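Just dropping this structure here.
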Amino acid sequence: MSQGSPFDLLNDLTWSQQEAVTHFQGPLLILAGAGSGKTRVITRRVAWLLQQGVRPSNILAITFTNKAAGEMKQRVDALVPGNRVWISTFHSLGARLLRQYGERIGLNRNFTIYDQDDRNKVVKQSLEAAGLDNVKFTPERIGAAISKAKNQLLTPERYAATGSDFFTNTAAKVYAIYQKKLRDANGMDFDDLLYIPALALRMDEELRAELDARFKFILIDEYQDTNSAQYEIAKRLSIDHRNLCVVGDPDQSIYKWRGSDIRNILDFERDFPDARVITLDKNYRSTPAILRAASALIDHNRQRKKKTLRTDNPDGQPVRVLTFDTGLDEANVLAERIKEAVSAGKIGYRDVAVFVRMNALTRTLESAFVKHAVPFQIVKGLAFFERKENKDVLAYLRLLVNPADNISFLRAVNEPARGIGKVSLDHLQAYAEINQLSLLEAAGRVDKITALKGKARDGLREFHRLMNELRGLVEQPPEDVIRAVLDRSGYRDMLKSSGDDDDIDRLANVEELITSAKQFAGENGDRTIRDFLEQITLASDVDSWDERQDCVSVMTLHAAKGLEFPVVYIVAMEQGIIPGERSLAKAEDVEEERRVAFVGITRAMKELYLCHARLREFRGQTLYAIPSMFLEELPDDVAEVDLSAHGGRSPALDQWRGGSRAATEAWAELGHKQPLPPPIPRTVTTNPDAEGYERGQIVQHEQYGIGTITDVSGYGSLRKMKIRFAVGGERKFIADKVRLKVVTKK
DNA sequence: CTGCTCGGCCTTTTT
DNA sequence: GGCCGAGCAG
């Protein structure tokens with residue numbers, strides 16, 4: 001497509017799509033069903049606005065991932081070359097605004113972006129500082145509460161007012177300390193990147209007006225997954241220039257747990273009464289069979305505006321539900337099937353995607369694909385940068401850019417070992433606290449800290465000197481800085497001289513970091529270490545997806561949002577996995593799980609396979625798995641294919657339950673190389689003496705199935721216990737009332 | 001005081 | 001399987 005007349009931008013679009021593209025001024029809500037060409041509409045709309053004479057710098061387009069932003073940039077550029085439209089994620093926008101305008105509100109632009117890991121560390125420190133580290137709330141839980149509060153634009157004080165229970169009180173106290181610690185360390189967590197700009201836009205009218213005038217046209221993709229802070233930013237930037245266009249699909253809202261609020265899209269018309277609403281419900285992606293499955297499933301959600309997806313695509317093969325004996329079988333058979341289909345020339349590896357509900361499920365797939373020599377990639381963004389050795393090196397870099405970054409200081413200071421242990425660091429932290437210094441500054445005054453001596457003292461002095469020396473390089477090309485850090489910190493020598501074989505790999509990894517930085521800087525001459533670090537931290541999982549490679553893509557259902565594949569497998573469609581165990585208690589949470597499944601199903605273009613196994617190894621134990629309730633909700637034309645050893649009546653399994661020696665042989669005969677899990681006795685021990693129950697025993701309950709006894713207390717008729725079930729979570733029972741089969745003794 | 005090893009604990013989804 | 005804390009040796 002060339003940059004020619006408006007006609008070129010529109011002639012392959014439907015009437016509703018054209019309407020959406022050519023709506024000029026005023027608020028616009030596009031309700032776009034799955035596969036209805038929404039990316040195409042946004043991209044064309046940006047190009048169309050440019051053709052209408054809107055200046056590129058007046059357009060702001062928000063996407064859900066950096067990858068989507070990059071793709072949109074490319075497509076807009078192909079339509080209108082050389083434009084300078086601002087396309088990014090909300091978080092990148094926030095970071096950029098804070099770097100640009102932060103000084104107006106007293107922020108240093110060299111802030112470090114703290115990821116969730118860092119956040120939890122600061123929360124933990126804050127818990128300790130508040131003397132609350134003995135309470136039973138985990139840093140993760142408190143951190144999640146703080147995150148939620150920020151997403152709702154609640155300051156610590158206002159958050160404290162939302163509840164008077166013990167948890168809220170504790171979290172509110174910690175929140176205040178946490179926020180101070182963050183500011184002192186010149187750190188921003190993910191939520192701050194939205195929270196601070198949103199509050200600034202609320203309070204600083206001058207800034208708000210300036211940015212509103214700058215971003216005259218705003219487009220937001222995946223609007224159903226925005227949170228209050230993001231909504232506030234969008235709204236505040238659309239007061240003088242009310243050209244806010246949002247695109248989304250309530251059925252694909254899958255980030256409620258992260259603070260996204262489905263009401264943002266449902267109430268858009270209330271907030272903008274004059275909004276034009278355009279519905280795109282024609283699907284260009286999938287076969288009718290796949291759409292029937294998707295619709296039947298999502299129809300079970302009660303909190304939902306009814307919507308029908310239509311398509312003119314030819315009917316393909318039926319959607320198939322595949323049943324396996326075990327998760328291991330599932331993985332192996334998948335690998336074989338994919339390999340066969342590719343060998344037969346029907347598809348390429350790149351046409352296939354395998355979706356999982358949880359990252360933990362990729363491991364089995366990984367080994368099966370390796371075993372069968374099926375090329376694959378696991379789409380998990382930061383895996384490389386999350387390796388210990390790379391995190392260590394990145395900590396040095398972060399500390400160079402931001403000397404106040406105490407979290408990075410604590411990580412780097414004794415890596416390689418400089419003889420600085422926990423106790424010495426406690427002394428250092430106490431001194432820093434009293435004198436209002438960063439840890440690095442305190443390390444520079446180590447001679448004044450009498451409690452420190454010997455190796456620790458020398459080590460800290462040396463570390464301080466090293467960081468000073470390296471600081472001079474901070475504006476140098478990123479790869480040079482990393483090289484200098486490796487050389488002068490002793491990190492490379494440590495890896496080189498160790499006898500550990502793994503350290504050879506670690507060395508290769510940190511060297512690879514140099515390559516990665518070089519590549520990053522090569523794309524644009526003036527990129528610094530700071531930009532490199534920001535890019536890494538704000539990367540999303542899909543950003544690492546390389547579609548140029550001819551291989552099977554394995555990813556979570558969440559990462560799959562926005563993508564499409566000719567052939568899709570969803571594995572482990574089992575109760576407790578999807579819907580997840582923790583969602584079962586609340587109907588609205590199960591509805592979100594259903595939307596997660598819906599997102600997965602609607603990624604498929606031609607073939608869709610929904611897989612489940614009868615036994616699944618999970619968290620170190622093998623448990624019976626019940627097929628997902630969502631499978632029951634599919635229409636009748638879905639084909640059920642039982643790929644278990646004997647059509648579901650496996651003698652191996654029966655014998656295994658009996659625990660006979662023959663079971664091992666039968667098992668091996670079926671091609672299972674793994675040893676058998678512990679046998680489950682066939683003899684049923686109903687109602688053994690209530691005193692006989694012990695922690696750690698695996699038991700079976702008539703209604704809830706297999707579970708593990710997690711706690712036993714009391715005696716006789718007062719004896720109580722807790723059992724954690726594979727499905728349905730933990731429940732309490734009175735020992736001599738409950739009917740249980742003991743499956744394995746401890 | 002540091003640093004290693006072992007054992008117990010928990011595990012959704014992610015910017 | 002992976003992380004954290006406890007316990008122990010140097």
Side-chain angles (χ1 to χ4, degrees), chain A residues 62-69 88-95 113-117 119-121 124 133 138-141 144 147 150-151 188-195 222 225-227 229-230 253-260 355-364 379-382 386 388 414-427 451-457 459 534-543 555-561 572 576-584 589 592-593 595-597 599-600 617-621 695-696 708 710 724 730:
Chain A
I62 301 286
T63 57
F64 202 67
T65 63
N66 295 293
K67 183 164 188 80
S88 79
T89 65
F90 258 117
H91 286 88
S92 296
L93 168 75
I113 300 174
Y114 280 1
D115 65 17
Q116 187 161 332
D117 236 38
R119 179 195 78 186
N120 291 339
K121 282 181 190 159
K124 198 170 169 223
D133 46 324
T138 60
E140 289 73 24
R141 224 185 124 199
S147 168
K150 285 188 185 177
N151 286 158
M188 296 283 162
D189 65 16
F190 283 136
D191 307 309
D192 281 337
L193 298 179
L194 310 170
Y195 172 76
E222 306 284 7
D225 281 321
T226 50
N227 62 36
Q230 293 167 329
S253 162
I254 55 175
Y255 283 96
K256 194 187 97 184
W257 52 273
R258 203 173 83 183
S260 78
F355 299 150
V356 295
R357 177 64 182 79
M358 304 178 285
N359 287 304
L361 292 165
T362 59
R363 206 164 288 142
T364 322
V379 182
K380 175 91 174 73
L382 296 165
E386 275 167 1
K388 182 195 175 299
N414 203 34
E415 207 66 61
R418 296 185 175 90
I420 306 159
K422 170 130 183 22
V423 181
S424 302
L425 286 174
D426 284 345
H427 291 309
L452 290 172
K453 36 191 170 309
K455 258 199 312 184
R457 183 180 209 154
E534 173 167 319
Q535 199 234 215
I536 292 171
T537 328
L538 293 184
S540 37
D541 274 356
V542 260
D543 291 351
M555 65 186 88
T556 64
L557 287 157
H558 282 81
K561 191 166 82 156
I577 293 181
I578 180 162
E581 186 181 332
R582 300 162 83 140
S583 73
L584 292 172
D589 291 346
E592 176 144 316
E593 294 287 302
R595 289 193 293 270
V596 172
V599 166
E617 192 169 342
F618 196 55
R619 293 179 190 168
Q621 20 179 342
R695 235 185 112 192
T708 311
T710 54
R724 186 174 198 81
E730 196 167 71

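Bear in mind the structure is a predicted one, so any value in this text is a computation, not a measurement. Naming convention: chains lettered A, B, ... in sequence-line order (proteins, then strands); numbering from 1 in each chain.
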Earlier contact from the 5' end, DNA chain B, for A:Ser583 and A:Phe90: A:Ser583
For A:Phe64, ring pair (Phe, Tyr, Trp, His ring centres under 6.0 Å) partners two or more places apart: A:Tyr255
With heavy atoms under 4.0 Å as the rule, sort A:Glu592 into base, sugar-phosphate or nothing. nothing
Side chains of A:Lys124 and A:Glu140: does their closest heavy-atom pair fall under 4.5 Å? no
Please report, rounded to the nearest Å, how far the P atom of B:dT14 is from the CG atom of A:Asn151. 16 Å
Pick base, sugar-phosphate or nothing for A:Asp191, based on heavy-atom distances below 4.0 Å to the nucleic acid. nothing
I'd like to check A:Leu361 versus A:Ile577 (side-chain heavy atoms, cut-off strictly below 4.5 Å). Are they in contact? yes
Just compare B:dT13, B:dT14, B:dT15 and give me whichever is closest to any side-chain atom of A:Thr89. B:dT15
Sequence neighbours excluded, which residues qualify as salt bridge (charged side-chain N to carboxylate O under 4.0 Å, His left out) partners of A:Arg357? A:Glu593
Are the ring of A:Trp257 and the base ring of B:dT13 both nearer than 5.5 Å at their centres and tilted by less than 30°? yes
Mind checking if A:Ala559 touches a base, just sugar-phosphate, or nothing, with heavy atoms under 4.0 Å? nothing
What is the distance, rounded to the nearest whole Å, between atom CZ of A:Arg357 and atom C1' of B:dT11? 13 Å
Checking A:Tyr114 now: which residues fulfil ring pair (Phe, Tyr, Trp, His ring centres under 6.0 Å) with it, not counting sequence neighbours? none
Restricting both atoms to N or O, compile the protein contacts to nucleotides 2-6 of chain B shorter than 3.5 Å, with distance only.
from	atom 1	to	atom 2	distance (Å)
B:dT2	OP1	A:Gly421	N	2.8
B:dT2	OP1	A:Ser424	OG	2.3
B:dT2	OP2	A:Val423	N	3.3
B:dT2	O5'	A:Gly421	N	3.4
B:dG3	OP2	A:Asn414	ND2	3.0

Rounded off to whole Å, could you give me the NZ-to-C1' distance for the A:Lys150 and B:dT15 pair? 14 Å
For A:Lys388 and C:dC4, what is the distance between atoms NZ and P respectively, to the nearest whole Å? 12 Å
Partners passing side-chain contact (heavy atoms from CB on, under 4.5 Å) against A:Asn414 (at least two apart in sequence or in another chain): A:Ala417, A:Arg418, A:Ile420
Are A:His427 and B:dC1 close enough that a side-chain N or O sits under 4.0 Å from OP1 or OP2? yes
Using only side-chain N and O atoms of A:Thr556, determine if any of them is under 4.0 Å from OP1 or OP2 of B:dT14. yes
Taking B:dT14, B:dC1, B:dT12 as options, the one with an atom nearest any side-chain atom of A:Arg582 is B:dT12
Just to verify, what does A:Lys67 make a salt bridge (charged side-chain N to carboxylate O under 4.0 Å, His left out) with, not counting sequence neighbours? A:Glu547
How close or far is atom P of B:dT12 from atom CD1 of A:Ile577, stated in whole angstroms? 13 Å
Polar atoms only, N or O, under 3.5 Å: list the protein pairs with nucleotides 5-7 of chain C and their distances.
from	atom 1	to	atom 2	distance (Å)
C:dG5	OP1	A:Lys124	NZ	2.6

When you measure from the side chain of A:Ser540, which nucleotide among B:dT12, B:dT15, C:dG1 comes out closest? B:dT15
Does A:Lys380 have any side-chain contact (heavy atoms from CB on, under 4.5 Å) partners at least two apart in sequence or in another chain, and if so, which? A:Asn359, A:Ile378, A:Ala383, A:Glu386, A:Asp541
Sugar-phosphate, base or nothing in reach of A:Tyr255, heavy atoms under 4.0 Å: sugar-phosphate
CD of A:Gln116 versus C1' of B:dT12: gap in Å, rounded? 11 Å
Is any side-chain N or O of A:Asn359 closer than 4.0 Å to OP1 or OP2 of B:dT12? no
Could you go through the side chain to side chain contact (heavy atoms under 4.5 Å, CB included) check for A:Glu592 and A:Ser583 one step at a time? CA-CA 9 Å; A:Glu592 176 144 316; A:Ser583 73; over 6 Å; no
note: A:Ile62, atom CD1; B:dT15, atom C1'; distance rounded to Å ~ 13 Å
Could you state the CZ-P distance from A:Arg141 to B:dC10, rounded to the nearest angstrom? 14 Å
Taking only residues two or more places apart in sequence or in another chain, which ones pass ring pair (Phe, Tyr, Trp, His ring centres under 6.0 Å) with A:His427? none
